[in-house]
Structures are given as structure tokens and as C-alpha cells.
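Have a look at the structure below before the remarks.
None of the values given here were measured: they were computed from a predicted structure. The sequence lines fix the lettering, A, B, ..., with proteins before strands; numbering per chain opens at 1.
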Amino acid sequence: MAFGKGCHLHLIDGSAFIFRAFHALPPLTRKSDGLPIGAVAGFCNMIFKYVEDNKGPDAPTHVAVIFDKGSHTFRNDLYDLYKANREDMPEDLRPQIPLTREATRAFNIACIEKEGYEADDIIATLTVQARDAGGRVTIISSDKDLMQLVGGGVEMLDAMKNKRIGVEEVAEKFGVGPDRVVDVQALAGDSVDNIPGAPGIGIKTAALLINEYGDLDSLLARAEEVKQPKRRQTLIEKADQIRLSRQLVQLDAQTPLDFTLDALEVQEPDPDALLGFLGQMEFRTLSKRVAENLGVAPPAIPDTNPAGANPSAEPDAPENLPFVPEGYECVRDAAALGLWIERANARGWVAVDTETTSLDEMRADLVGISLSVEPGQACYIPLGHRDGSDDLFGSDNLAEGQMPLNAALDLLKPLLEDPAVMKIGQNMKYDAKIFARYGIQVAPIDDTMLMSYALNSGLHGHGMDALSERYLDHVPIPIKSLLGSGKSAITFDRVPIGDAVKYAAEDADITLRLSQLFKPQLHQRRVTTVYETLERPLVPVLAEMEMAGIKVDRDTLSRMSNAFAQKMAGLEAEIHDLAGQSFNVGSPKQLGEILFDKMGLEGGKKGKTGAYATGADVLEDLAAEGHDLPARVLDWRQLSKLKSTYTDALQDHINPETGRVHTSYIQSGANTGRLASTDPNLQNIPVRSEEGRRIREAFVAETGKVIVSLDYSQIELRILAHVAGIDELKQAFREGQDIHALTASEMFDVPLDEMTPDIRRQAKAINFGVIYGISGFGLARNLRIPRGEAQGFIDRYFERFPGIREYMDDTVKFAKEHGFVETLFGRKIHTPEINAKGPGAGFARRAAINAPIQGTAADVIRRAMIRMPRATCGLPAKMLLQVHDELLFEVEAGAVDDTIAVVRKVMEGAAMPAVKLDVPLTVDAGQGANWAEAH
DNA sequence: GACATCACG
DNA sequence: GACGTACGTGATGTCC
């Protein structure tokens, strides 16, 4: 039937269906093989319901489901931050996308998508075609962006609420008719799609303006006439941004399509095709209902229930199945490997572990790979073992019976890169980096270490040995038993293949069992979102940063080391002179004896060891009393620290191949969600002392590039103001006031213009103290004031900001009740000691107060980092380092300003859309030839 | 390997 | 009323 008058076209917003189905349903998996299938199930149910609901006299004559395809559209060319706030697609959803297309076709409904075009534009195109042909259109969607299409025989239907959206409903929502919806949206902007709009103008105001001036162009042309000064200024200054916003929200009805409306005619489904698909998906209930409807027999679905699908209920659940090292297979040829690859493909997942010659991924060579697809069954593929025959040449020959490395990798690459097969690892970042060095980009990945972290942060560590013992009641073969320890330790390529099989295959086996144990728990314990949005997508980002490394200038460090050595020698002589004897200045024990026994200064023993305390605070007090020796020791210690930890050690970390220093981030290291940096730690490079700060001059940009640093300003205090709901602090942050000065003014009744640096300093210490779970003792020690006075400050602070005390009490109460506290993004940090008696409870109490604040800040910067690759993809900029509230980039000189603009925008908007903070997040930026200049 | 010390946010 | 106390990390050197 040719489309024309009397025809009725239904256009279904397929992507909206999918996301609604995915988020509404628990993460179902297909019973036979564990393929995630929840979104497909929800999608099919929604389509089925739609078909049933649209059979009456007003049934459509034509119908199509439209999907988005590709993430880059003309809107990204117009505005590189378009939809930059969007979270990446959850890994569990990705393999389901093609299945939703199949489902649509199984229902015999036209399935439409076009690379590089948004579904909304295709819907607009079809709508206009149908309307022009004289037909009616119903758009099944509740997306406000489609409301501009309503009118003239076009209406929308919110399928969830079963609510019609006509011209009236659009007017109700936007305050203008459908033809002016675009104008209102252009002014109001949209935080979800990251449409900038006119700052300070929302839908209400936008409608008011449009109704007064007729349309957007007239409004902008006559902006001078707007009475309210702020609005007028915005409209004049932001006119370009508003016009850009309009381009972004305006749907494009010119999508080139290679079919006509006639092709969308409603057709009965083919029972075989539809039931075949539903049977293949193993949807029992839906198959039955559909079969009844079609008057045919439902498909038979075998009731398979393999080990692992429902672990705890099964007798051979992974935590109960015994470990049998002799059962592990050694894969020595392509045929055997092919079988394992087939099994992995059939399953849709595979646990992977690599064995290498070093813990430093940048230098490690691949020695072997282990795989596991079923609990208890695993293989090891030896690739780089040496034969161990101790000849004169160091036995560098490859051992017999190994596949050539390249042949094995060629076979494995398609599997490891297959988007439909989940690669499961323990600390997958390590293995992914190894594979990356051999040209394999492993994806998608799951990580048992990160699952444990999301589930159990604060309860225990997340290393494999600990997890295996705790959850599988199995002690893995210690690596030391193969490699030995200390000076005589060997590398893994020297381990006999027979021993390596038992060790390595066991690791893959354990990993698979742990993932089958943890995966369902993520949802049960409400941390799926944390795992999916804050943990899993961060892995490739960190891997990239670590592989990029940062250039460090050896000569600068070397010169500084020499200078430090000279100064230290001078100081040492002086110290020995003052002491009247020679001793090891680096030994706190000897120093204590000199100071307190020999010289008889005031001071006391401390700690279980009975040694004198000689910490910086003690020495500073002594120095303040006029003693020279402790003052010299303080200087010596500072230099010693800078030399040994930084100027000396950093040189050893320069990778000879890249000339750069490659740190490793531990994603599950800090209980709060912060990262930790090791080998070397680049999160504690000196900055507070002038002398130390100069070490940052050695962290340089390549020729023609610039180091750019962006850091959040006062992010933890801002988060405190938000979570504790302190109006005065929120207001101060909104107005960009000096928060410490304001606190001082409130507490000490000093007007802001009479503020002294010392009063401000005290207020600053109190502000930080609050974040740490303040105590009179701690504040007294920090400010070096009597304890009573410090307590007085705290009392006054709580009097002034009662909301803070309430927040602290509530947080502790929550922790005592639940055993954990939460960040704004749902990260759980467990506090097992909170109900204990003794000093442990005090620590736990303060940690509980601090964790949501520190953790929320950590979550925010993680979100920014995860979005960064996509936001900066067109820019010649590399993200190199994260230092808790700072991100460091290396940028081509010409692109510095653009990069700062994009990165700042991403960082400042990183909490959105999941959390709308009551305070703005602001970011300071710096740039220069090295880190010292950029900071 | 425990402990003290000190670098960072 | 006494008890110990700022929160979160990692690297280094000494000493047992």
C-alpha cells in the first residue's frame, strides 16, 4: 500500500526502549551460557506489549523502530562537547545492542538505523515525509527533543505512562507551541545533552521571552530592549552560544534514506522466525505468551543449568568444586589452542592471565598465557620458557614444545578483541598493558579485583591470593615457590613448564570462579553502578596514562643530587661538631640518644620500642628554643629525603626505551576511591618547600609541547558544603569568596576587610580539621595552641555551622547501623571497626566522617578522567598524571588554550548528570615547559 | 619485616 | 573520667 491520506505511521524510539529496559531490569543472563540478556528481554516485552496494544480500529498502517548508530554526528562537528556528559555504554549492554535489532526484525517490524545519524533526526525525516504525504504520525517516545515535531497530524505517545502528547501537552511543558519549542530549548539549554543555552535562563524564562518577542531571532535582534539587566546582558553576550544551541536542538529532517514510507507497512510476524529468536534467547514466559497469541506451540527450551549460572545453590558451585592441578592442560599447538578459543567463543567469556618476566609492564616480556572457561578447567600456553640447560651461554634457548609466540597471538587476537566475548582478569590493567605491547587491544574486560573493591572496600585487600583464601577456601600456589626470593630469585621464563602450568592455569581458574561469585553480588549489594561507571571504564584510561609516561630530565635530577650531596656533607660535619662526636644522622635512635641523653634536652620516650621520638615536630620545638643541632638535622633530613626518594630514585625509573617515567596506578589501593601511585609514586612529588618544588622542573614536556595542569579548587570543602547542606558555605562558593577568610570572619567576628593572615590560617586549619573528623587534641597539635583553646574553636565552629555537626553525627550513626558509609555516587566504604571498643573506634569514626567527602571527590575526578579520552579525542593532548584533585597533560603548544577549555568543562561538569551539586566546581589551570611552571 | 620519618592531596 | 587522636596514601633508611 502506498503511503498517503488515511495512513497512520508509528515511529518507535528504539534506543529509548533499550535504555529503559536495561535500567529497569536486574542484569539477567541467558541460563545456558550467561550471556547478558536483560535489556533484550525488556525490549522484547515492550515491543510485544506495543503490538498487543495497537491492534484495534486505530491500528497503524505503517511502523518502524528507529535506533541511534555511531556516537559521532554533525552535532559533534558543530560543538565538540555535545553529549560530552554522557556515560559510556555499560559493558553489559554493549553485546545486547545487535540482539535488539534482531528482535525488531523477528517481530517483522522495520528496523532503521544509519551510521552517524541520531534516531531523532531519522524520526524527524520520516515524520515530515509522512505529514507531507497527508498521513498521520504517532511517535512512540517521551523524549522532549522530539516535541518540536508535534502538530499537523503528528502526535507523540509516552508508552510507559500510556499518555498522548499533543500540541496542548507540548505547550504545557514548554510554554510555547511546538513550532517555538526549539527556540525555548536553545535558550534553556540542556544539561543531559550538554547543550549550553543561555546561562541563568530556564524553560520558564525562555518561554516568557519567546512569547513576548515572537521568536528567537527577533528576541536576539531586539535584546537591547529586555528590561532585566542580567538577562539582557546574557542575551547579548551569549548570542552566538544560543544560536549554536538552537542548531544543536533543531532536528534535521533531511536524513538521506534509501527506502520509502511504503516499505514500512505493518506486517504479521512469521511465527517461526519470532519464536525461533525468543527460544534462542531462552525467554520462556514471553515465548509462551507469543505462541498463545499466534495460536502455535511454544518452542522447547532446554532447562540447562551449568555450574556457575547460579553458584551458591549448586553442589558443584565454584567455591565448592575442588582444585585439581593435574587436570589443567598444557597447550602446545595451534589445534589445541583453537579448541580453547572455540570454547571461549561459545561461552561468551574467558578468564585470562599472563605470565611475564617482570612486574614492570613496560619492560615485561610475555612468557605464557592461561585461560579458563569453566570453573575447574583451565589451560596454560607456554610461549617464552627457556630450556634451563645450564650451558655456558646462559641457556637462552627456548624450551621444547612451545607454540611460536606470534602464532599464538595471531590466533588469540580476534578473541581478545571480540566485543562479544568478555575477558575476565584479576587486575586486568596489567594484562591489557602487556597485550597492548604486542599489538592487541583487549576489550571488553571484567576485573575480579575491581569487583571485590566495589563490593568490599574497607573490609579486606583485593589481591588474588587473599580473595582465593577468603572466598574459595583455597590457598593458591605461592609464586615464591616457583621463583624463590631475594637475590637468587629467577624470572618466570626459567620456571619449568610443568610447574608453570599448575601455577598459571590455577590463576585463571581462580579468577573465573571469583568472577562468577562476585558478578551476581554486584547487583544484590547495589554497587553495579559503581563498578560499571567508576571502576571498569577507568581501566583503559589508566593504562593509557601509564603507557604514555612523563618525560623526566635526567641531567636536572643528577645536578640536584650532587648539590644536595654537597650540602648534606657540610651539614653532617656541622652536626657532628655540635654533638661533639660522630654518629649516623639518619638514625633516629642514635639522634635521640645524642639529643636527650648526651645533651640532656627536654623530651620523652615514646612508643613500644622505647626509643625517643625525633619527628619534625619535636625537632622544630627544640630548634625554636634556640638549639642549633636539631635545626641542622631538620635541614639535613629535608635534603636526605629529596635526594634519596626523588632526585636519586627517579633517575632509576626512567625507562631507557621511552626516556620517560611510567608510574603504576593502583585502582583498588585506597579505601575511599582514591588512586594510589607506585613505582614510582608520582603523587607525592615535593611542592610545599621551595627547594623541593624545584624537583618538578625535571618533569618536562617534549619539544614543541607544553605541560598543562588543571586542579579542582577546594573540592572537598565544596562537597562538605553540599552534603552537610551549609547554606552560608554554599553561598560563599557560588560567589567565589575566600572560604577560609569567611570561616574566620564567622567564627571570630572579624569583618572580612580586617582579616589578618594569622586568623585566616587558623580558620583554614579548622576547615581541614572538620573534613578529617576534628578533635580538640588534633587541632591543638596542628596549630600549636593549648588544647582547651582548640576545643573552644571547635565549639564555636559547630555553633556557627550546626549543620556540620549534624552531618558528622548522622554519618557516624549510618556507619554504626550499616557497617559502611557511601559517597554521593554510591561507592560504599566499609567501617568494620566503628562498633568496636577501644582506640580503634576513634579511628573508624573519623575515617567514616572523612570517607564520603574524600571518596566523593575521588569519584568526581574519576568521572572526569573516564570522559576525557572522548572529550579530547580531536586534540593533540595526552593525559599523563592524576594527583587526587589535579590532572596533568602534555599538549602541543598550539592547542593549549583549546585543551584547557575542554578539560576544564569536563572537570567542572564531572558530577553531572548523576549528581547535581549545590555548589559549583571550579578548576584552576596552569601551563609551562615543566611541572613547576604549570602548577 | 617492623618502625620511624616525611613527601603529597 | 580516662583514653588516645587529625583523613588518605608510598618510599626510604635503620635496626633487629
Side-chain angles (χ1 to χ4, degrees), chain A residues 457-458 485-486 583-592 606-619 633-634 636-650 652-653 663-666 669-689 691-693 695-696 711-717 720 765-783 787 790-791 794 821 829 831 837-855 857-858 861 881-886 935:
Chain A
S457 186
S485 64
F583 70 101
N584 185 347
V585 185
S587 162
K589 185 165 172 275
Q590 293 180 30
L591 175 67
K606 213 181 179 183
K608 296 150 246 172
T609 56
Y612 292 112
T614 67
D617 48 350
V618 177
L619 298 189
V633 172
L634 281 169
W636 183 91
R637 277 194 184 161
Q638 195 203 1
L639 296 175
S640 164
K641 179 81 175 181
L642 296 179
K643 182 171 184 294
S644 67
T645 309
Y646 300 103
T647 56
D648 285 353
L650 271 174
D652 300 334
H653 282 286
T663 183
S664 287
Y665 289 102
I666 307 174
N671 287 338
T672 53
R674 274 193 177 180
L675 300 176
S677 160
T678 63
D679 303 305
N681 181 356
L682 295 186
Q683 290 183 321
N684 71 347
I685 302 302
V687 69
R688 290 175 188 170
S689 77
E691 231 160 2
R693 186 158 49 235
I695 291 172
R696 295 187 172 216
D711 66 291
Y712 285 108
S713 161
Q714 312 277 19
I715 185 167
E716 293 193 354
L717 276 175
L720 174 69
I766 295 165
N767 275 334
F768 278 108
V770 166
I771 291 175
Y772 297 150
I774 199 158
S775 75
F777 183 92
L779 183 65
R781 202 172 61 167
N782 189 285
L783 285 176
R787 195 172 152 179
Q791 191 56 54
I794 293 167
V821 292
I829 297 117
T831 56
K837 302 192 268 190
F843 282 109
R845 183 182 171 280
R846 290 188 297 273
I849 291 168
N850 175 257
I853 302 167
Q854 186 182 117
I861 197 165
L881 300 178
Q882 188 249 41
V883 194
H884 309 309
D885 64 359
E886 172 186 12
H935 192 81

Base, sugar-phosphate or nothing for A:A765? Non-hydrogen atoms, less than 4.0 Å.
base

Across the strands shown, which category fits A:D885 at heavy-atom distances under 4.0 angstrom: base, sugar-phosphate, nothing?
sugar-phosphate

So which protein N/O to nucleotides 13-16 of chain C N/O distances come out below 3.5 Å?
unit_1	atom_1	unit_2	atom_2	d
C:dT14	OP1	A:N584	ND2	3.2
C:dT14	O3'	A:S587	OG	3.3
C:dC15	OP1	A:S587	OG	2.4
C:dC15	OP1	A:Q590	NE2	3.2

My understanding is that only residues two or more places apart in sequence, or in another chain, count here; which of them pass side chain to side chain donor-acceptor pair (under 3.5 Å) with A:E886?
A:S709, A:W931, A:H935

Please list, chain by chain and in numerical order, all residues satisfying side-chain contact (heavy atoms from CB on, under 4.5 Å) with A:A857, sequence neighbours excluded.
A:I715, A:E716, A:I719

Taking only side-chain nitrogens and oxygens of A:R846, does any of them come within less than 4.0 Å of OP1 or OP2 of C:dC7?
yes

Test of understanding: with salt bridge (Lys or Arg N to Asp or Glu O under 4.0 Å), list the residues that count as partners of A:K641, not counting sequence neighbours.
none

Determine whether a donor-acceptor pair (one donor, one acceptor, N or O, separation below 3.5 Å) exists between the side chain of A:R637 and the base of C:dT12.
no

Name the closest nucleotide to the A:D679 side chain, picking from C:dC7, B:dC8, C:dA11.
C:dA11

Audit row: A:L591, A:R637, side chain to side chain contact (heavy atoms under 4.5 Å, CB included) steps and yes/no:
CA-CA 12 Å; A:L591 175 67; A:R637 277 194 184 161; 3.5 Å; yes

Hey, does A:I685 reach any base, or is it just sugar-phosphate, or nothing, if we go heavy atoms under 4.0 Å?
sugar-phosphate

Nearest to the side chain of A:S775 - C:dG8, C:dA6, C:dT5?
C:dT5

Within the structure shown, what part of the strands sits under 4.0 Å from A:N684 by heavy-atom distance: base, sugar-phosphate, or nothing?
base

Taking any heavy-atom pair under 4.0 Å as a contact, classify A:A851: base, sugar-phosphate, or nothing.
nothing

Under the side-chain contact (heavy atoms from CB on, under 4.5 Å) test, which residues partner A:R693, sequence neighbours left out?
A:V687, A:E690

Roughly how many Å apart are B:dC6 and C:dG4, using the P atom of each and rounding to a whole number?
24 Å

Measure the distance from CD1 on A:I849 to P on C:dG8 and round it to the nearest whole Å.
11 Å

Starting at atom OH of A:Y772, determine the distance to atom C1' of C:dT5, rounded to an integer number of angstrom.
15 Å

Donor-acceptor pair, distance only, cut-off 3.5 Å: does the side chain of A:S677 make one with the backbone of A:L682?
yes

When you check the phosphate oxygens OP1 and OP2 of C:dA6, does a side-chain N or O of A:R781 lie under 4.0 Å from one of them?
yes

If the P atom of C:dT5 is compared with that of B:dT5, how far apart are they to the nearest Å?
14 Å

Over all atoms of both residues, closest heavy-atom pair of A:I861 and A:Q882:
CG2-NE2, 3.4 Å

Going by atom type alone, with no hydrogens or angles, which donor-acceptor pairs under 3.5 Å involve a side-chain atom of residues 842-850 of chain A and a protein atom two or more places apart or on another chain?
unit_1	atom_1	unit_2	atom_2	d
A:N850	OD1	A:Q854	NE2	3.2
A:N850	ND2	A:I771	O	3.1

Any base atoms under 4.0 Å from A:D711, or only sugar-phosphate, or nothing? Heavy atoms, all strands.
nothing

Using the C1' atom as the reference point in each nucleotide, state the distance between C:dC3 and B:dA7 in Å, no decimals.
31 Å

From CD1 of A:I829 across to P of C:dG8 the rounded distance in Å is 11 Å

State which residues pass side-chain contact (heavy atoms from CB on, under 4.5 Å) with A:V585; sequence neighbours excluded, sorted by chain then number.
A:E572, A:I575, A:H576, A:F583, A:V633, A:W636

Can you tell me which stems DNA chain C forms when a stem means 3 or more consecutive Watson-Crick or G-U pairs under 3.5 Å?
B:1-9 with C:7-15

Under 4.0 Å, counting only non-hydrogen atoms across every strand here, what does A:A616 touch: a base, just sugar-phosphate, or nothing?
sugar-phosphate

When we call it a touch if two heavy atoms are under 4.0 Å apart, what does A:I771 touch: a base, just sugar-phosphate, or nothing?
nothing

Rounded interatomic separation in angstrom, taking CD from A:Q791 and C1' from C:dG4
14 Å

Straight-line distance of A:I774 CD1 to A:I794 CD1, nearest 0.5 Å
4.0 Å

For the pair made of CZ in A:R845 and C1' in C:dG4, what is the distance, rounded to whole Å?
14 Å

Sequence neighbours excluded, which residues qualify as side-chain contact (heavy atoms from CB on, under 4.5 Å) partners of A:N782?
A:A765

Side chain of A:Q638 - closest among B:dG9, B:dA7, B:dC6:
B:dA7

Any donor-acceptor pair under 3.5 Å joining the side chain of A:R688 to the base of B:dG9?
yes

For A:Y646 and C:dG10, what is the distance between atoms OH and P respectively, to the nearest whole Å?
13 Å

A:T678 and A:S664 side chains, donor-acceptor separation under 3.5 Å
no

How is A:G773 classified with respect to the nucleic acid when contacts are heavy atoms under 4.0 Å: base, sugar-phosphate, or nothing?
nothing

What does A:R787 touch in the nucleic acid at a heavy-atom separation under 4.0 angstrom: a base, only the sugar-phosphate, or nothing?
base

Checking all strands, does A:F843 fall into the base, sugar-phosphate, or nothing category for heavy-atom contacts under 4.0 angstrom?
sugar-phosphate

Rounded to the nearest angstrom, tell me the gap between atom OH in A:Y712 and atom P in B:dG9.
17 Å

Checking all strands, does A:I853 fall into the base, sugar-phosphate, or nothing category for heavy-atom contacts under 4.0 angstrom?
nothing

Starting from P on C:dT9, measure out to CD on A:Q854 and report it in whole angstrom.
7 Å

